[in-house]
Each structure stands twice: as structure tokens, then as C-alpha cells.
Amino acid sequence: MEKRNLGAIILAAGKGKRMNLKNVNKVTLPLVDKPMIVHTVNLLEKVGIKEIVVVVGFAKKSVMNILGSKVTFAEQSKRLGTGHAALCGLKKLPKDVSNVLIINGDDSAFYPRNLIKSLIKTHLLSEAAITFLTIEKNNPFGLGRIVRNSSGQVVAIVEEKDATDVQRKIKEINPGCYVFKMKFLKKYLKQVEKSKVTGEYYLTSIIDLGIKSNEKIETLKGGPIAWRGVNTKGELQEAEELFLQAR
């Protein structure tokens with residue numbers, strides 16, 4: 001598999017308000033034996049990705065001190081959402097990168113190496129504009145549901161607050177692990193509109209743009225893997241337990 005033209009962006013700029021941290025970013029907190037962000041960088045290195053950009057913002061020094069020269073850093077000086085963070089990261093990738101993997105720094109330690117390899121392979125073979133991972137959760141509360149048509153194609157990612165009672169029963173969710181064609185990202189990221197509620201630009205909105213523009217969108221179904229986004233100290237403890245079980 002040709003990975004020379006593949007880069008990666010790890011989103012690690014958020015404040016993580018519910019963690020009540022003042023001097024460190026939550027991605028630097030230990031998950032079992034090493035900081036969360038180190039698990040993620042190690043995963044990408046094992047997959048064979050050499051061009052890795054980490055988007056930093058809140059408590060950026062805590063992240064930079066841990067990773068040192070292993071990666072390239074991009075700063076998101078104003079926290080304007082994941083879509084804006086991805087845009088900051090894009091500017092630091094080499095010009096010959098034609099496909100980019102974008103993942104979150106607070107949940108990606110859970111992805112098995114072979115799953116990420118399969119996601120990349122699916123993307124490259126299908127020549128899709130976007131290929132993203134979906135997983136199944138028995139309790140998907142608070143997570144974006146994958147809505148498909150009768151042909152199995154994704155027609156929407158519906159957030160909890162916007163979902164109907166029927167859609168809330170869907171267990172297939174979007175954990176936020178994507179591979180994009182660089183041309184697609186450059187074209188559509190700037191078209192993402194600011195949320196009227198939060199004032200942020202969300203990366204998930206680019207999938208809606210892709211669907212509306214009839215761009216080719218693929219998914220890889222990861223099934224019921226161990227996975228836990230970390231937004232509170234309680235979720236970090238739960239993540240540790242899941243991580244240990246999955247080993």
C-alpha cells in the first residue's frame with residue numbers, strides 16, 4: 001500500500017472543559033501506561049504514516065513537551081471547532097500529500113492497527129472523496145448516528161439532539177476517524193458554516209457537504225470495538241478499563 005502521499009492530522013487543541021484541567025491538555029493524561037496522545041502517534045507510526053501533524057491549542061506546551069520532534073505541530077490559536085482545527089493542520093502538511101487521515105487525540109488509542117490499515121486501503125482502492133470509520137455501541141447516547149438509505153449508502157450523520165426516536169435506536173455511530181482526499185478537503189473545508197449555537201466549525205459538516213454535492217463517500221464498518229471518547233475524569237477511568245480489556 002502506497003503511503004508516501006498519505007499524511008495524518010491529530011486533533012488535540014480542545015480545552016476539555018469538563019475535565020477541569022488548567023495547565024495540561026487532556027490528551028497528555030495517562031491511559032494505562034502512557035499518555036493518550038503517545039498511544040495515537042505510536043499507532044500512526046506502526047501503520048506507516050510518516051507525515052504526522054498534531055494540532056495544539058489549550059496547554060499546548062504540555063503536548064509539545066511530550067512529543068518533541070516526533071511530529072509537526074500546528075497551532076489553533078482560537079478554538080473554533082474541529083473543522084477549523086483541521087484547516088490549521090492542513091497548512092502544515094507537505095504539498096505532495098494527496099490523502100489525509102484525521103483523528104481525535106482523546107479516543108484514537110483504541111483503534112487496532114489493522115483497522116486503520118483497512119480504512120486506508122478501502123479509501124485508496126475505492127478512490128472515494130471521504131472514507132470514514134463507523135463502529136457499533138450498545139449505548140450510543142450522545143453520539144452521532146449513521147443514517148443509511150435502502151442501498152446502504154450514508155445519507156446523514158445525525159447528532160443526538162437532532163435525532164428522531166427511530167434514529168436514536170441506531171447503534172452505528174461516527175467516532176470521528178476519517179480519510180479524505182486532499183483536493184476534497186481544500187475545496188469543502190472553507191464551505192463549512194459556523195454553528196449558530198456554539199460559533200464553531202465542525203468537521204462532521206464536511207460529510208453533509210459531500211453528500212449534498214454527490215461526492216463519493218465510503219465507510220468501513222468496524223463493528224462493536226472497544227472505544228471511549230474522553231471528556232470527563234469518569235470517562236477516562238472507563239477508558240482505562242476498556243483499554244485493559246481490549247489488550
Not counting sequence neighbours, list each pair that qualifies as a salt bridge (Lys or Arg N to Asp or Glu O under 4.0 Å) and has a residue in [range].
range	value
residues 141-154	Arg145-Glu160, Arg148-Glu172
residues 208-234	Arg228-Glu235, Arg228-Glu238
residues 11-26	Lys26-Asp106

Exercise for the section: First locate atom CZ of Arg113, then atom CG of Asn42, and finally report the distance between them rounded to the nearest 0.5 Å. Expected result: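 Answer for the CZ-CG pair, Arg113 versus Asn42, is 10.5 Å.
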
Exercise for the section: Mind checking the CG-CG spacing from Asn231 to Asp107? Nearest 0.5 Å is all I need. Expected result: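 It is 9.0 Å, given to the nearest 0.5 Å.
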
Handout entry: Within-4.5 Å side-chain heavy-atom neighbours: Ile130 and Phe184
Key =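 Ile130 reaches Phe184 side chain to side chain.
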
Handout entry: Pairwise side-chain contact, Tyr188 with Ser205, heavy-atom cut-off 4.5 Å (strictly under)
Key =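 Tyr188 does not reach Ser205 side chain to side chain.
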
Practice task
Among residues two or more places apart or on two chains, list those pairs meeting ring-ring contact (aromatic ring centres under 6.0 Å, His included) that have a residue in residues 67-100.
Solution key: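 Pairs touching residues 67-100 that pass the test: none.
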
If I compare all heavy atoms of [X] with all of [Y], which pair ends up nearest, and what's the gap?
X	Y	result
Tyr202	Ser195	CE1-CB, 3.6 Å
His39	Ala109	CB-CB, 3.5 Å
Asn174	Leu133	OD1-O, 4.1 Å
Val97	Leu6	CG1-C, 4.2 Å
Leu80	Gly199	CD2-O, 4.2 Å
Leu44	Ala8	CD1-CB, 3.6 Å

Practice task
Decide if atom NZ of Lys183 counts as having more than 12 heavy atoms of other residues, nucleotides or ligands within a radius under 6.0 Å.
Solution key: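 No, NZ of Lys183 has 12 or fewer neighbouring heavy atoms, counting only those of other groups under 6.0 Å.
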
Practice task
Look at the side chain of Thr28 and the backbone N and O of Val24, then say whether any donor-acceptor pair between them is shorter than 3.5 Å.
Solution key: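 Side chain of Thr28 to backbone of Val24, a donor-acceptor pair under 3.5 Å: no, none is there.
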
Problem - Exam field: side chain Thr82 to backbone Leu203, donor-acceptor pair closer than 3.5 Å - result: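 Yes, Thr82 side chain to Leu203 backbone: donor-acceptor pair under 3.5 Å.
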
Exercise for the section: Examine Leu244 and Tyr111 and state if one hydrophobic cluster contains both, with Ile, Leu, Val, Met, Phe, Trp and Tyr joined whenever side-chain heavy atoms are less than 4.5 Å apart. Expected result: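 Yes; Tyr111 is reachable from Leu244 via cluster members.
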
Could you work out, with side-chain contact (heavy atoms from CB on, under 4.5 Å) as the rule, every residue matching [X], not counting sequence neighbours?
X	value
Asn149	Ser151, Gln153, Val155
Ile211	Val154, Ile207, Ile217
Ser150	none

Handout entry: Pair Thr134-Thr219, side-chain donor/acceptor within less than 3.5 Å
Key =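 There is no such pair between these side chains.
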
Problem - Partner residues of Thr232 under the side chain to side chain donor-acceptor pair (under 3.5 Å) criterion, sequence neighbours left out - result: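 Per chain and number, Thr232 pairs via side chain to side chain donor-acceptor pair (under 3.5 Å) with no residue.
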
Problem - Set of residues satisfying ring-ring contact (aromatic ring centres under 6.0 Å, His included) with respect to Phe180, sequence neighbours excluded - result: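 Testing Phe180 for ring-ring contact (aromatic ring centres under 6.0 Å, His included), a comparison that skips the adjacent residues, returns Tyr178.
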
Problem - Contacts of Tyr201 that satisfy ring-ring contact (aromatic ring centres under 6.0 Å, His included) - sequence neighbours left out - result: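 Here no residue qualifies.
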
Practice task
Go through the structure and list residues passing salt bridge (Lys or Arg N to Asp or Glu O under 4.0 Å) with Glu241, not counting sequence neighbours.
Solution key: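 Partners of Glu241 under the salt bridge (Lys or Arg N to Asp or Glu O under 4.0 Å) test: none.
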
Distance-only criterion, 3.5 Å: show the donor-acceptor pairs between side-chain atoms of residues 55-64 and protein atoms not counting sequence neighbours.
| from | atom 1 | to | atom 2 | distance (Å) |
| --- | --- | --- | --- | --- |
| Lys60 | NZ | Glu75 | OE1 | 3.1 |
| Lys60 | NZ | Glu75 | OE2 | 3.2 |
| Ser62 | OG | Asn25 | N | 3.0 |
| Ser62 | OG | Ala59 | O | 2.6 |

